[in-house]
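Hydrogens, waters and symmetry mates are skipped; everything else that's a heavy atom, side chains included, is used. The chains referred to below are lettered A, B, ... by the order of the sequence lines, with proteins before strands, and numbering in each begins at 1.
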There are 2 protein chains.
Amino acid sequence: MRAAEPSDLLTDSIRASGLKVTVPRLAVLRALDQAPHSTAERLFTAVRAELPGTSLQAVYGVLAAFTGAGIARKIEPAGSPALFERRVGDNHHHIVCTRCSAVHDVDCAVGEAPCLRPADASGFAVHTAEVTYWGLCPGCQAAMASSSSPLSALIPPTNKGAR
Amino acid sequence: MRAAEPSDLLTDSIRASGLKVTVPRLAVLRALDQAPHSTAERLFTAVRAELPGTSLQAVYGVLAAFTGAGIARKIEPAGSPALFERRVGDNHHHIVCTRCSAVHDVDCAVGEAPCLRPADASGFAVHTAEVTYWGLCPGCQAAMASSSSPLSALIPPTNKGAR
DNA sequence: CACCGTGTTTTGATTGATTCAAAACAACTG
DNA sequence: CAGTTGTTTTGAATCAATCAAAACACGGTG
């Protein structure tokens, strides 16, 4: 009797989504599991460590296949390259640190999309509501308190832009 | 007795924010007023019509000055280049059409930032909550109903990515 | 277990959006 | 109205992502 190896879970996840199981896909999925909210570039670096021949384009291709198949999700916070995460199927949101760009998951209060309804949607048929919280992570709160850090660290990209 | 000309309002708005009043800035602000939720490129085209010598970089520079001074806001919906709007100071949100990318304002239910609080912020100090609604604008609802349009038009960029 | 077809990955190049830097120029101050 | 500061132009570079064709690998079939 053989115990299920960790990689089998990843393999199953890919196969269950209807995609072919390939070595680069397993590597990207493992990297995504170990470092959620990663950029394609970051995943590329991680994958390269164990699979040196892998190209950046392959990572983009794998991620496109994953998001298309529904086993990964792409998020695009303002001022950041796209980030990817395995957690899908629930309608959770994200909180981003305005100082260090750390990202954490935030559960949706309601649990189903759309978890919010606009007061006046001007005739739009709303399907999903995406929420991004901006603030300071615990580490950066401490750093701001002790040293005199620039207040610009408190401003989300939505309001930045000064030269 | 001379009536206040429209351009005076724009001039005042720029001067009141502490910025120098220049011809390109007036042109960009007027374009922004006439076409909210415009990209830098779009504003550049509009500005060029009345001020042919203007460069794209000037528009980027003006927009950076405006957002830095707080008289314009930059929004970055997933899958779209940055959009700009004059409406600032209130914490309103946006609804984006997943089919034609039309953008409309949506008033914030509460009126002050943050208009939402995450259930568990994992120790983050939340300053603002940004909400993007995704759905179909009235025109695209009609188009989807009459013709057999691809269902992919219903999927926000957050979940797209299939090749 | 070798072969075949479809789909994936590599290789190489290109695009789109934005930013950087230095020189020419224009707005407000005194 | 001259000087100083800040803005715009000009020209180039960067970053993120995408496109296309050829080489290759997965997984089904004989």
Comparing Leu83(A) with Val59(B), nearest DNA chain D nucleotide closer to 5' gives the residue Val59(B)

### Query
Without hydrogens or angle criteria, can the side chains of Asp107(A) and His93(A) be said to hold a donor-acceptor pair below 3.5 Å?
no

Taken to the nearest whole Å, CG/Leu29(A) to P/dT8(C) is 15 Å

Quick note, Gln57(B) side chain, CB onward, closest among dG12(C), dT18(C), dC20(C) is dC20(C)

For Glu50(B), the side chain to side chain donor-acceptor pair (under 3.5 Å) test, sequence neighbours excluded, returns Arg30(B)

Applying side chain to side chain donor-acceptor pair (under 3.5 Å) to Gln141(B) and not counting sequence neighbours gives none

Residues of residues 17-25 of chain B with a heavy atom under 4.0 Å from any atom of DNA chain C, listed by number, are Lys20(B), Val21(B)

Check your understanding: Ser13(A) side chain to Leu9(A) main-chain N or O, any donor-acceptor pair under 3.5 Å?
Key -> no

In whole angstroms, the gap separating P of dC15(D) from OH of Tyr60(A) amounts to 12 Å

The helix from dC1(C)-dG30(D) to dG30(C)-dC1(D): angle between terminal helix axes, five bp per end, to the nearest 10 degrees, reads 30°

Those residues at least two apart in sequence (or on a different chain) that pass salt bridge (charged side-chain N to carboxylate O under 4.0 Å, His left out) with Asp33(A) are Arg86(A)

Per the under-4.0 Å heavy-atom filter, residues of residues 33-41 of chain A near DNA chain D come out as none

By ring-ring contact (aromatic ring centres under 6.0 Å, His included), Phe66(A) pairs with (sequence neighbours left out) none

In whole angstroms, the gap separating P of dC26(D) from CG of Leu26(A) amounts to 10 Å

Contact check, residues 42-54 of chain B vs DNA chain D, heavy-atom distance under 4.0 Å, returns Gly53(B), Thr54(B)

By side chain to side chain contact (heavy atoms under 4.5 Å, CB included), Ser101(A) pairs with (sequence neighbours left out) none

Output for pair (Leu10(B) CG, Arg25(B) CZ), nearest 0.5 Å, gives 14.0 Å

Residue set satisfying ring-ring contact (aromatic ring centres under 6.0 Å, His included) with His104(B), at least two apart, ordered chain then number -> Phe124(A)

Those residues at least two apart in sequence (or on a different chain) that pass side chain to side chain contact (heavy atoms under 4.5 Å, CB included) with Arg15(A) are Thr11(A), Val21(A)

Residues pairing under salt bridge (Lys or Arg N to Asp or Glu O under 4.0 Å) where one sits in residues 75-85 of chain A, two or more places apart or in two chains, turn out to be Arg73(A)-Glu85(A)

Is it the case that the side chain of Thr98(A) and the backbone of Gly135(A) share a donor-acceptor pair, with hydrogens and angles ignored and the cut-off at 3.5 Å?
yes

Atom CD1 of Ile14(B) and atom P of dG6(D) are separated, to the nearest Å, by 17 Å

Taken to the nearest whole Å, CZ/Arg15(A) to C1'/dG7(C) is 15 Å

Report task. Would you check if the side chain of Arg48(B) reaches a backbone N or O of Gly53(B) as a donor-acceptor pair within less than 3.5 Å? Result -> no

